[in-house]
Number of protein chains: 2
Amino acid sequence: MDALVTTAGKSPAENLNAQAKRVEILSAMKEQNLNDQEPPRNGLQGAKTLVEYAYRCLRKDIIDGTLPPNSKLRIEHIRKHYQIGSSTMREALSLLVADALVTVEGQRGFRVSPISIEDLIDVTRMRKLMESMALRESIERGDDAWEAGIVAAFHRLSKVEERLVLEPSIMVDAWEACNAEFHKALIAACTSRWTLHFREILYYQSERYRRFSLMTNGSRRNVHSEHEEIMKAALARKADLACDLIDDHLDRTINGMKSILAEV
Amino acid sequence: MDALVTTAGKSPAENLNAQAKRVEILSAMKEQNLNDQEPPRNGLQGAKTLVEYAYRCLRKDIIDGTLPPNSKLRIEHIRKHYQIGSSTMREALSLLVADALVTVEGQRGFRVSPISIEDLIDVTRMRKLMESMALRESIERGDDAWEAGIVAAFHRLSKVEERLVLEPSIMVDAWEACNAEFHKALIAACTSRWTLHFREILYYQSERYRRFSLMTNGSRRNVHSEHEEIMKAALARKADLACDLIDDHLDRTINGMKSILAEV
DNA sequence: TTTTTTAAAAATCTCGATATTTTTTAAAAT
DNA sequence: ATTTTAAAAAATATCGAGATTTTTAAAAAA
């Protein structure tokens, strides 16, 4: 399989089984998503189209750094890698503009959004605002199911953290998924669509920075106790305390990144 | 020439008087727009691609109500109206998802985002936050050029407001443009990209609600003095006062809309 | 050498045809 | 009469070729 990011090197098109392969991938995804508990985005249930499939692949590859910041996204190149048509790929890229993970300039194509320390600070400041607002409302409105969701997510996260110590590189993806679920569970009772919408966008942005810094700096502080404290404060309905803890949590998460990015 | 908005697929249950009135005005606007039949791709403010052209046309038509909330956006239909290919149209629609003016559901196509009183309240609350943050930072950092920009924008807005009294229907577009420029000038010195990004999205949302309510309720309170007060406070670097005034200004702007939307 | 011009290469952008899915309509069955 | 099934129609989704623009490279001019 050819690399996703290369300056040259084109493989001859083997379109014979292309369609069959696509169908295979799609049906596999559908089944997988049927068992999935989480609607991916906008209340959509499962990836029903190739656009959606390409959108998710691209988002994953941008966030985990496979597609580096500011790199050019040449349609012809990546469309062959993902085995889809050019129009379909363009549509997926256009959707990623919504998440500010991709930028587009007329007649000059698409690029992975750049990263910078200024942007990291801006993202974090805004995210603290959104997370606090969402958490505060959740604490006010959350019912028993909300509490149960938090406890369950925390438990899953804790389990993964145990295994993370043993096999760090393998478990990173799983930890990120559980971490996302835990933070989502905390604010699950918030009813403000715009707060949640902006929060989600910023969460993806933060995750990209976090994973970028993890590539060079493998050290991981003990976030377990921080999560536990946040959970306890939320379940005890101490809104002010919980929001302060979330703020500190997000600040600490980026502090390590600042020094790394400063070198770049 | 066929109409831009087909009536097919409309549920018969919603036959309130207010609704009928709006629909009547809507179709009037619609005909007016379609009778134009201008060569569609002329003086389009520097759009470098057809995608960008279609994106702007669609955004305008959604905001000014030509394309009503929740209406289906059938690719084959609208692509012929705008005279572009289907893939190009899909890409433009995908970009509009970024602005939350269009929603997309797999295998079921695109729709104009719905409106509701709950969403209006949510939009306004969030927009007050973004406008206040941006204005406060602008007041701290703004230089002479920033001040000059505000004064100039206010002057242009005032001139248009004079003519607005004489010929309301014709000048609505011009007033909206000047109003947007004035509010943009106020926050021009803000450096936070994310604040500005979210603010812009929410501004378009607000404009859609504003124009929707103006179709039935032509009465326009005197916003001139409100704008003047905001300007004076900003130029005097009274951040707290200016933010309070902006908050009140945005609150007043939506109060009229609430009663109208409540009927629907 | 440095800049300008020109031609070739590569990439983006656009289109309409075709495949797939959903929706509608009609017929058949309970 | 209501529900099921099946065929037809309509709409969405996908593709790859061709048109347009940008980028690269080389040649010509300063």
Side-chain angles (χ1 to χ4, degrees), chain A residues 5-27 29-30 44-57 71-95 97 102-112, chain B residues 2 4-12 40-41 44 46-58 71-97 102-112:
Chain A
V5 178
T6 51
T7 50
K10 297 182 177 180
S11 56
E14 67 282 18
N15 293 333
L16 206 60
N17 297 331
Q19 180 66 19
K21 196 180 274 182
R22 267 192 296 276
V23 171
E24 200 178 338
I25 293 169
L26 264 182
S27 46
M29 286 200 61
K30 280 180 188 171
L44 284 174
Q45 297 147 0
K48 295 193 170 181
T49 64
L50 276 180
V51 168
E52 183 78 14
Y53 162 75
Y55 166 80
R56 291 194 198 174
C57 289
S71 59
K72 195 90 181 58
L73 295 167
R74 291 184 186 82
I75 303 288
E76 276 305 302
H77 187 232
I78 55 176
R79 103 178 175 76
K80 278 170 185 164
H81 180 264
Y82 293 112
Q83 306 249 40
I84 62 174
S86 56
S87 295
T88 307
M89 179 53 74
R90 288 185 65 87
E91 199 178 321
L93 287 168
S94 296
L95 285 173
V97 175
V102 165
T103 61
V104 57
E105 188 182 0
Q107 306 286 19
R108 299 221 175 138
F110 298 87
R111 278 183 174 278
V112 178
Chain B
D2 53 349
L4 183 51
V5 179
T6 57
T7 52
K10 184 178 62 179
S11 95
R41 305 179 192 180
L44 260 301
K48 292 194 170 183
T49 63
L50 275 182
V51 168
E52 203 176 334
Y53 158 77
Y55 167 78
R56 293 189 193 181
C57 288
L58 279 166
S71 58
K72 196 87 182 59
L73 295 167
R74 292 184 183 82
I75 304 287
E76 276 304 302
H77 187 231
I78 57 177
R79 101 178 177 76
K80 280 171 185 162
H81 179 262
Y82 293 112
Q83 308 242 41
I84 61 175
S86 55
S87 295
T88 308
M89 178 54 74
R90 287 184 65 88
E91 197 178 323
L93 288 168
S94 297
L95 285 173
L96 277 163
V97 175
V102 165
T103 60
V104 57
E105 189 181 359
Q107 306 285 20
R108 300 225 175 132
F110 298 88
R111 279 183 173 276
V112 178

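Each chain gets a letter, A, B and so on, in the order the sequences are listed, and its residues count up from 1.
Rounded to whole Å, atom P of D:dC15 lies 10 Å from atom CD of A:Q83. Atom CD of B:Q107 and atom P of D:dT14 are 7 Å apart (whole Å).
Contact annotation: side chain of B:S87 to base of C:dC15, donor-acceptor pair present below 3.5 Å. Counting atom types as modelled, A:S86 pairs no side-chain N or O with a base atom of C:dC13 as donor and acceptor under 3.5 Å.
Taking only side-chain nitrogens and oxygens, A:R108 never comes nearer than 4.0 Å to OP1 or OP2 of D:dT22. Taking 4.0 angstrom as the limit, B:K48 places none of its side-chain polar atoms (N or O) nearer than this to OP1 or OP2 of D:dT22.
Nearest nucleotide to the side chain of A:R90, out of D:dT12, C:dC13, D:dT14: C:dC13. Nearest nucleotide to the B:T49 side chain, out of D:dA13, C:dA11, C:dT14: C:dT14. Taking every side-chain heavy atom of A:F110 into account, C:dC13 is the closest of C:dC13, C:dT14, C:dA17. Listed nucleotides: C:dC15, D:dT14, D:dT22. Nearest to the side chain of B:T88: C:dC15.
With rounding to the nearest 0.5 Å, the separation of CE in B:M89 from CG in B:L58 is 5.0 Å. For the atom pair B:C57 SG and B:E52 CD, the distance stands at 11.0 Å (nearest 0.5 Å).
Between B:L93 and B:I75, the closest side-chain pair of non-hydrogen atoms falls below 4.5 Å.
Of all nucleotides present, only D:dT21 satisfies the Watson-Crick or G-U wobble test against C:dA10, with each distance under 3.5 Å.
Across all strands, A:L73 comes closer than 4.0 Å only to sugar-phosphate atoms, never to a base (heavy-atom distances).
Heavy-atom distances to DNA chain D give each of A:G106 and B:G109 a nearest nucleotide, and the one nearer the 5′ end belongs to B:G109.
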